[in-house]
There are 2 protein chains.
Amino acid sequence: MRLVFLGFGTVGQGLAELLLAGRDELARRHGLEWTVTGIADTLKGNAYDPAGIDLARALELAGRGDSLAALDRGGHGWDALGMARHAEADVLLAATYTDIRTGEPATSHVRAALGRGVHVVTTNKGPLALHYRELAALADAHGAEFLFEGTVMSGTPVLNLVRETLAGAGILEMQGILNGTTNYILTRMEDGLSYDDALAKAQALGYAEAVPDADVLGWDALAKVTILASVVFGASLEPSDSPCEGITKITAADIARAKAEGKRYKLIGRVWRDGGRVRAEVAPRLVELGQPLAGVMGATNAVAIRTDALGEVTVVGPGAGRAQTGFAMLADLLTIARRRR
Amino acid sequence: MRLVFLGFGTVGQGLAELLLAGRDELARRHGLEWTVTGIADTLKGNAYDPAGIDLARALELAGRGDSLAALDRGGHGWDALGMARHAEADVLLAATYTDIRTGEPATSHVRAALGRGVHVVTTNKGPLALHYRELAALADAHGAEFLFEGTVMSGTPVLNLVRETLAGAGILEMQGILNGTTNYILTRMEDGLSYDDALAKAQALGYAEAVPDADVLGWDALAKVTILASVVFGASLEPSDSPCEGITKITAADIARAKAEGKRYKLIGRVWRDGGRVRAEVAPRLVELGQPLAGVMGATNAVAIRTDALGEVTVVGPGAGRAQTGFAMLADLLTIARRRR
């Protein structure tokens, strides 16, 4: 399986490490044999070699801050979009930095690859939240797989859980804690920190970005519930169709009052069937301490899935992290290997 | 897909209802078209008809307490073992009453079907806990599928989660609340009931049997961790190889003391890698209130899966129930339909 990495930051490097560490076992147990023909990264440089790039060496160069261009044997000078359009590849691994509101540049990369029948595995939320139907139809038309387990809960399986192990159950509602940064901030506020101090702590730990809007205003969680609405519920929703409120208005006094009532604030993303319609929303909610979601603290994510046949099933797990998101991409690669065997 | 039901009690009837209610959608979305050629039940009678039994009528007869023999067109007089040996069938659905310590009569049924290349879907723990390796080898040798999602957490997916969506992660440890009856009793004892009163309540609700030993002495949980040890960890363990303690020695005073310390008793089944060995155990453990397993109350089950690549993923869901266990069998049928497409 010839792989092209678009984006070679934490997630791409996390996947590269898993691929190298598991090389023998992936081939033996899962029939996945791989070679990397291209890597494109705006900061780390671009390399293309249809005969196969030494991935360990690429990790070394990236780790030292040296350009990947040293590994180029193609001489085409392709950037990410060039690779998506022209590289010899079976699977495009799309994990570039992407604006959650425009879905670019990832959407253009994904479109170019699917349009020529190259499978796509991505962790970029934008293309899914904004263009799922178009991209899924494009994949179908060209016989390509289009997988994106890492977009909703990073390595914690939720899309595959619903699609493969809950196949046959009617899904009525999904709601959960889909953003680890805001959950971390709320957890620290319960420990007595102010919102500003908790945010500063999250930034110091690398959980929150310098401009934290995508997390604290709820956009990240909104993108995720929109993906669930499209993929699991078959709805045609865009992020702007649903109400979205973040955690910026919650005060230390609100948190203390909730605590006194045996409750706890959580930023809850929710998608559900309402008669014939599918609706979605993101808002801070008071959760009773006995409920499964109340016990989910820190940067952990969780989603409760309400079904007709089975009642409620809840999955709890890490919602971010280098190895975790890389693992989600690996799980998708294994799905492709299994389906194409 | 020609189906034979062995056992037509709650679980078998629960599956029959799901098959009938979902008939069109199962065919359209999952490529599963089915006909029932045989039903055998020690209490409700036996029926065999290679041209197809009217399943709605069978549910009616069973509901009224009338014998299924009225639907027989075979005239062979086969009981469950006869059907397993001779019925025209693609899949044997094994859900008879079975002794958890001997694994019979289900083991003989499963062995007979797999030995002639008939796929088996079962919810019987005994054959798995005692004879997994032998039966898996038999299935392999005869090109048959052997699936048993319902044995560990009923309809809540745990085996499929590990096998399909966590494929690629190294599983280091699984521990959880695998018996709903004892969890219900412990929950009621926290509300102030004595052990005897809580057990009586569980019996009145149908959670516990008149002779409750398999639940309260931990045997049921022990069978489940032994299945996990064999299937997920590849170990060669029998139930009698592992220490097992139930909840019968826990007093109201123990519960009150734990509560005062911010802890809670749970009956925990655990399987883990210990150097080169795989070990398993069942015992009541004090769990801190902040941990995911502490929040699992009543008849709900949960398992926390510790992995190398991904950290810890926890699944929480119903651990028993007519529709739920029937759903687990349906999920296995869909897996067979998918693999055999």
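Atoms considered below: every heavy atom in the structure, side chains included; atoms not considered: hydrogens, waters and symmetry mates. Residue numbers start from 1 in every chain, and the chains themselves are labelled A, B, ... in the order their sequence lines are given, proteins ahead of strands.
Taking chain A as the reference chain and counting heavy-atom pairs below 4.5 Å, the highest number among B:I305, B:L32, B:L330, B:L161 is found for B:L161. Contacts with chain B were tallied for A:G14, A:P157, A:G317; A:P157 has the most, counting heavy-atom pairs under 4.5 Å. Counting heavy-atom pairs closer than 4.5 Å to chain B, the top-ranked of the candidates A:P318, A:G326, A:A328 is A:P318. Highest contact tally toward chain A, considering only B:L18, B:L310, B:L333, is held by B:L310 [criterion: heavy-atom pairs under 4.5 Å]. For the options A:G295, A:A309, A:G311, heavy-atom pairs under 4.5 Å to chain B are most numerous at A:A309.
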Between chain A and chain B: donor-acceptor pairs at under 3.5 Å:
from	atom 1	to	atom 2	distance (Å)
A:T314	N	B:V316	O	2.7
A:T314	O	B:V316	N	2.8
A:V316	N	B:T314	O	2.8
A:V316	O	B:T314	N	2.7

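For A:L166 against B:F327, the heavy-atom pair with the smallest separation is O-CZ, 4.0 Å.
When the side chain to side chain contact (heavy atoms under 4.5 Å, CB included) test is applied to B:A323, no partner is found at least two apart in sequence or on another chain.
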